[in-house]
Asks: 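Dropping the structure in here first, questions after.
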Amino acid sequence: MASTRRLAPGLTRRSFLKASALAGAGLVIGLHAPSGRILPAHAADGGPFETYVRIAPDNTVTVLVAHMDMGQGIYTGTATLVAEELDAAWSQMRAEGAAGNPRLYGNMAWGGSTQGTGGSTGLSSSFERYRRAGAIARAMLIEAAAKAWGVPAAEISVADGQVSHANGTTSGFGDLAKLAATLPAPKEVTLKPPSAWRFIGNTDLPRLDSVDKTTGKQTFTLDVQLPGMLTAMVAHPPRFGATVAAFDASAAKAILGVVDVVQISRGVAVVANNAWAARQGRDALEVTWNEEKAETRGTAELLTEYRNLAAEGGGHTVRGVGDVAVGLGAAAKVIEAILEFPYLAHAALEPLDAVAHMDGDRLDVWGGHQLPDLYQSMAAQIAGVPMDRVNLNVMMTGGGFGRRGVGDADVIVEAVETAKAIGWRAPVKLMWSREDDMTGGRYRPLYVHALKAGIDSDGRIVAWQHRIVGQSILKGTPFGPMVLASTGGYDPTSVEGGAGNLPYDIPNLRLDLVTTNVGVPVLWWRSVGGTHNAYATETMIDELAAAAGQDPIAFRLANLGDHARHRAVLERVRDVSGWATPAPAGVGRGVAVVESFGSFVAQVAEVRLVEGRVKVDRVVSAIDCGIAVNPDIVKAQIEGSIGFGLGAILKSTITLEAGRVQQTNFDTYDVLRIDEMPQIDVHIIESTERPTGVGEPGVPPIGPAVANAVAALTGTRIRSLPFSQHRFSA
Amino acid sequence: MITLNVNGRAEAVDVDLQMPLLWVLRDVLGLTGTKYGCGIAQCGACTVHLDGEPTRSCSVAAGDVGTASITTIEGLSGKAGEAVQGAWQRLNVVQCGYCQSGQVMAAAALLQTTPNPKDADIDAAMSGNLCRCATYQRIRAAIHEAARTMEA
């Protein structure tokens with residue numbers, strides 16, 4: 001590998017391990033076993049804290065992070081927790097992904113036995129674990145200093161990355177790490193009280209990845225370079241569920257740089273010396289598809305079916321309180337709405353990719369390892385090697401939004417199968433083109449919602465009937481059977497984010513879920529159920545407020561019962577957004593409040609019409625996410641969530657015609673651009689509660705807040721997304 | 001065999017002349033800071049400077065570059081480039097970072113020609129650069145910040 005090329009993190013780590021084995025240098029708090037599940041003995045009996053921190057002779061402290069960083073900042077967040085208890089200097093902190101050992105990296109929010117990134121759980125899962133790791137490392141450094149200097153440990157202090165004794169002796173961490181590594185880890189450590197925190201809650205910590213990501217040095221999977229590496233692209237079926245019947249590789253093989261064409265389980269892979277040759281070869285390939293089992297319905301047919309299902313009734317009753325028919329019958333006013341939500345692509349800017357390389361009997365896989373245990377197991381199965389011979393190199397990903405957490409490990413499987421199909425003769429980088437990514441499925445599902453709700457003459461909500469029709473995301477995943485069994489047969493992600501946890505105090509309420517069977521693959525898409533449920537419920541609440549002749553925030557507060565954290569974020573946006581001052585002429589103002597992933601978010605949006613289109617000028621958001629470990633990252637995530645959600649409701653749609661996806665690239669799948677980004681002000685509620693989700697909870701409220709603002713301005717309720725289908729007039 | 005002028009160095013490359021400059025930079029020269037996002041000049045992730053002009057390298061054939069001076073993120077230097085990178089870092093602009101090479105290159109080119117851009121100038125210069133993390137608010141603020149540091 002040329003010296004000018006940056007090593008992939010996995011190689012860096014291995015080089016380090018090799019170096020430390022040879023020179024005995026440095027403290028590795030728990031060796032990251034490169035062979036997967038083979039654990040050093042002390043990690044097996046000493047508890048999971050031992051595999052989280054590495055202190056090198058040059059004083060750098062590298063945190064081995066249990067969660068994939070797709071931009072949400074979990075590397076910086078996890079390093080913050082370690083630095084806090086270690087009393088490190090921020091400038092010495094580093095972070096990298098670790099995987100392949102669920103006993104050490106299992107997601108505590110998922111029960112602790114499976115490693116994974118999702119559901120905005122990264123920081124809550126890490127909050128105890130990594131603070132303890134920092135505290136243990138600190139105690140071991142102090143013990144080492146006490147031995148080296150012949151002084152009592154109690155007389156030694158640590159601050160800003162320096163270990164000091166009252167007599168003036170000081171040392172950096174690096175010089176003590178070798179000795180510290182030989183000492184037993186303390187069983188018990190005391191964590192700092194919040195009043196002593198310097199890093200947690202600090203608004204001035206720079207992200208650890210800012211420099212590399214502004215200088216082109218950050219290595220993503222697509223940037224991995226290995227000696228002799230080949231690049232592959234796969235011809236996928238044009239309709240979901242189709243399979244390869246036959247193919248003719250002669251035209252593909254005639255392309256300069258194409259070295260092989262192989263069939264794999266998901267299509268036909270063209271293997272070449274570079275991406276351009278692979279692309280040309282793939283486009284020249286002639287494949288005949290067997291479409292007997294393919295999905296051939298289009299969006300129009302599906303919508304018709306879904307509307308009928310929404311009208312028919314039935315489904316799984318998720319929530320039932322009182323008697324909705326009686327409640328609606330007695331209501332002073334009843335509002336009905338049918339809402340339609342399209343399929344949405346994640347469209348992360350780095351298209352799907354993975355690198356597979358068999359070296360001897362060891363398989364290395366580079367990728368966005370969002371569900372690493374699963375990927376390790378599937379890679380091992382394909383390669384025919386034991387799990388502990390599969391090493392996962394966790395890469396930063398160019399976005400994700402859910403797309404890297406796939407139950408069937410799609411792109412990982414394709415990379416390993418392709419490398420195997422060419423006889424493991426070279427490392428294989430498997431990449432999807434933008435078109436592959438856009439048309440490749442795994443969408444936010446299409447949904448139809450039917451709502452009917454009533455208020456009494458005092459403006460109290462007295463009845464609420466809500467039916468959701470759409471595909472289940474969990475069904476068909478490895479977690480599906482367990483989760484569906486725990487709920488009695490329905491997918492909780494279909495109702496989360498505003499419907500199943502509707503916070504309003506309603507005496508007669510019924511929520512039914514009708515799950516459809518469609519051959520279009522679906523997946524969690526940033527905030528999952530909150531992407532549609534919050535829109536359906538918070539626009540209906542707004543209509544009820546209007547029907548009651550009440551201010552939308554006052555109406556919500558009056559109906560929120562004892563939901564104190566919802567109330568607090570609503571009151572905050574009311575107080576800081578200028579809500580009490582009427583909106584200027586030509587401006588509409590709307591509000592929404594949603595709890596998702598344990599956090600509470602309220603948003604006020606201000607909109608104008610520009611040539612019949614909605615322009616969002618400003619959004620004020622309040623979030624209660626418990627303790628804000630990195631307040632600036634919390635703000636960044638809310639800003640980004642608003643932009644991400646806003647692009648979707650204003651502009652984005654995936655449609656199918658006769659089973660074929662019609663959008664192929666960013667010229668047809670429209671997403672938010674800089675000129676459409678509103679000014680966003682984020683307010684964080686002070687809290688002593690445990691940290692909760694940050695990456696996703698900013699998404700659900702933006703759609704309904706904007707829709708309610710448009711209704712305030714134009715009187716029009718938008719019931720089918722995206723807004724770009726509609727023209728508005730004030 | 002053609003010779004490209006990349007970051008001030010003459011690079012002889014033996015490639016299909018139709019190969020987009022993007023893939024020459026990435027797969028032949030190993031300069032992976034320039035990213036692939038769409039391949040059709042719709043996202044801006046592959047933005048480089050050709051004789052100082054921000055250019056989508058996915059849509060320029062290697063054979064059409066000629067003697068133009070190519071600057072990639074790895075070779076970005078000078079007052080505007082440094083001001084942009086510094087402002088990006090101070091304002092914690094990046095999230096996933098995948099688009100940011102292109103954003104930085106586009107912003108540096110903007111500040112070369114328009115040292116004190118208005119919001120409308122930023123919209124015009126930057127709306128071809130997608131950011132799916134939607135870091136746009138901070139990109140805008142960082143361009144203004146970079147302009148201020150260039151004046152100082």
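Fair warning: this is a prediction, and the values are worked out from it, not measured in the lab. Below, read A as the first sequence line, B as the second, and so on, with proteins coming before strands; counting in each chain starts at 1.
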Asks: For chain B, which candidate among A/T215, A/I633, A/L256, A/D204 shows the most heavy-atom pairs at distances under 4.5 Å?
Replies: A/T215
Asks: Please state whether the side chain, the backbone, both or neither of A/M438 comes within less than 4.5 Å of a heavy atom of chain B.
Replies: neither
Asks: Counting distance only, does the side-chain N/O of B/Q18 pair as donor-acceptor with the main-chain N or O of B/A62 below 3.5 Å?
Replies: no
Asks: I would like to know whether B/Y36 and B/C46 meet side-chain contact (heavy atoms from CB on, under 4.5 Å); could you show each step before the answer?
Replies: CA-CA 6 Å; B/Y36 165 74; B/C46 66; over 6 Å; no
Asks: Taking B/N7 for its side chain and B/T72 for its backbone only, find out whether a donor-acceptor pair lies under 3.5 Å.
Replies: yes
Asks: Find the one option among B/G33, B/G128, B/G37 whose heavy-atom pairs under 4.5 Å with chain A are most numerous.
Replies: B/G37
Asks: Top residue by heavy-atom pair count (under 4.5 Å) with chain A, among B/R140, B/M19, B/Q100, B/Q103?
Replies: B/M19
Asks: Is a side-chain donor-acceptor pair under 3.5 Å present for B/Q42 with A/D667?
Replies: no
Asks: Taking side chain as everything from C-beta outward and backbone as N, CA, C, O, which of these in A/M677 sits under 4.5 Å from a heavy atom of chain B? Side chain, backbone, both or neither.
Replies: side chain
Asks: Can you confirm if the NZ or CZ of A/R526 lies within 45° of the ring axis of A/F644 and under 6.0 Å from the centre of its six-membered ring?
Replies: yes
Asks: At a heavy-atom separation under 4.5 Å, does B/V94 approach chain A through its side chain, its backbone, both, or neither?
Replies: both
Asks: Under 3.5 Å, side chain of A/D69 to main-chain N/O of A/I74, donor-acceptor pair present?
Replies: yes
Asks: Whether the A/Q637 and B/Q95 side chains hold a donor-acceptor pair (N or O, under 3.5 Å, no angle test) is what I'd like checked.
Replies: yes
Asks: Looking at A/P351, A/G73, A/S210, which has the largest count of heavy-atom pairs under 4.5 Å with chain B?
Replies: A/S210
Asks: Answer yes or no: is there a donor N or O on one side and an acceptor on the other, between the side chain of A/Y75 and the main chain of A/E96, under 3.5 Å?
Replies: no
Asks: If we define contacts as heavy-atom pairs under 4.5 Å, which of A/N274, A/D632, A/T76 has the most with chain B?
Replies: A/D632
Asks: Checking A/T439 against A/Q663: is there a side-chain donor and acceptor pair closer than 3.5 Å?
Replies: no
Asks: Under 4.5 Å, counting heavy-atom pairs only, tell me which of A/P206, A/G399, A/A636, A/G643 racks up the most with chain B.
Replies: A/A636
Asks: Under 4.5 Å heavy-atom distance to chain B, tell me which part of A/D209 shows up: side chain, backbone, both or neither.
Replies: both
Asks: Name the member of B/L91, B/I40, B/T135, B/D16 that forms the most heavy-atom pairs with chain A at distances under 4.5 Å.
Replies: B/I40
Asks: Quick check on the interface: out of B/R26, B/R90, B/Q85, B/R132, who has the most heavy-atom pairs with chain A under 4.5 Å?
Replies: B/R132
Asks: Taking atom types as modelled and ignoring hydrogens, do the side chains of A/D223 and A/Q225 form a donor-acceptor contact shorter than 3.5 angstrom?
Replies: no
Asks: Stepwise, does the side-chain contact (heavy atoms from CB on, under 4.5 Å) test hold for B/R56 with B/L22?
Replies: CA-CA 8 Å; B/R56 312 304 184 208; B/L22 168 67; over 6 Å; no
Asks: For the candidates B/W23, B/Y136, B/W88, which exhibits the highest count of non-hydrogen atom pairs separated by less than 4.5 Å from chain A?
Replies: B/Y136
Asks: Taking all heavy atoms of A/D670 and all of A/S652, pick out the closest pair and write down the distance.
Replies: O-OG, 2.6 Å
Asks: Report which part of B/L76 has an atom under 4.5 Å of a heavy atom belonging to chain A: side chain, backbone, both, or neither.
Replies: neither
Asks: May I ask you to decide whether A/E676 forms a salt bridge with A/K651, counting only side-chain N to carboxylate O separations under 4.0 Å?
Replies: yes
Asks: Enumerate by number any residue of residues 107-127 of chain B whose heavy atoms lie under 4.5 Å from heavy atoms of chain A; in the absence of such residues, state 'none'.
Replies: B/I122, B/D123, B/M126, B/S127
Asks: I need the residue from B/E74, B/Q89, B/M105, B/K35 with the largest number of non-hydrogen atom pairs under 4.5 Å to chain A.
Replies: B/Q89
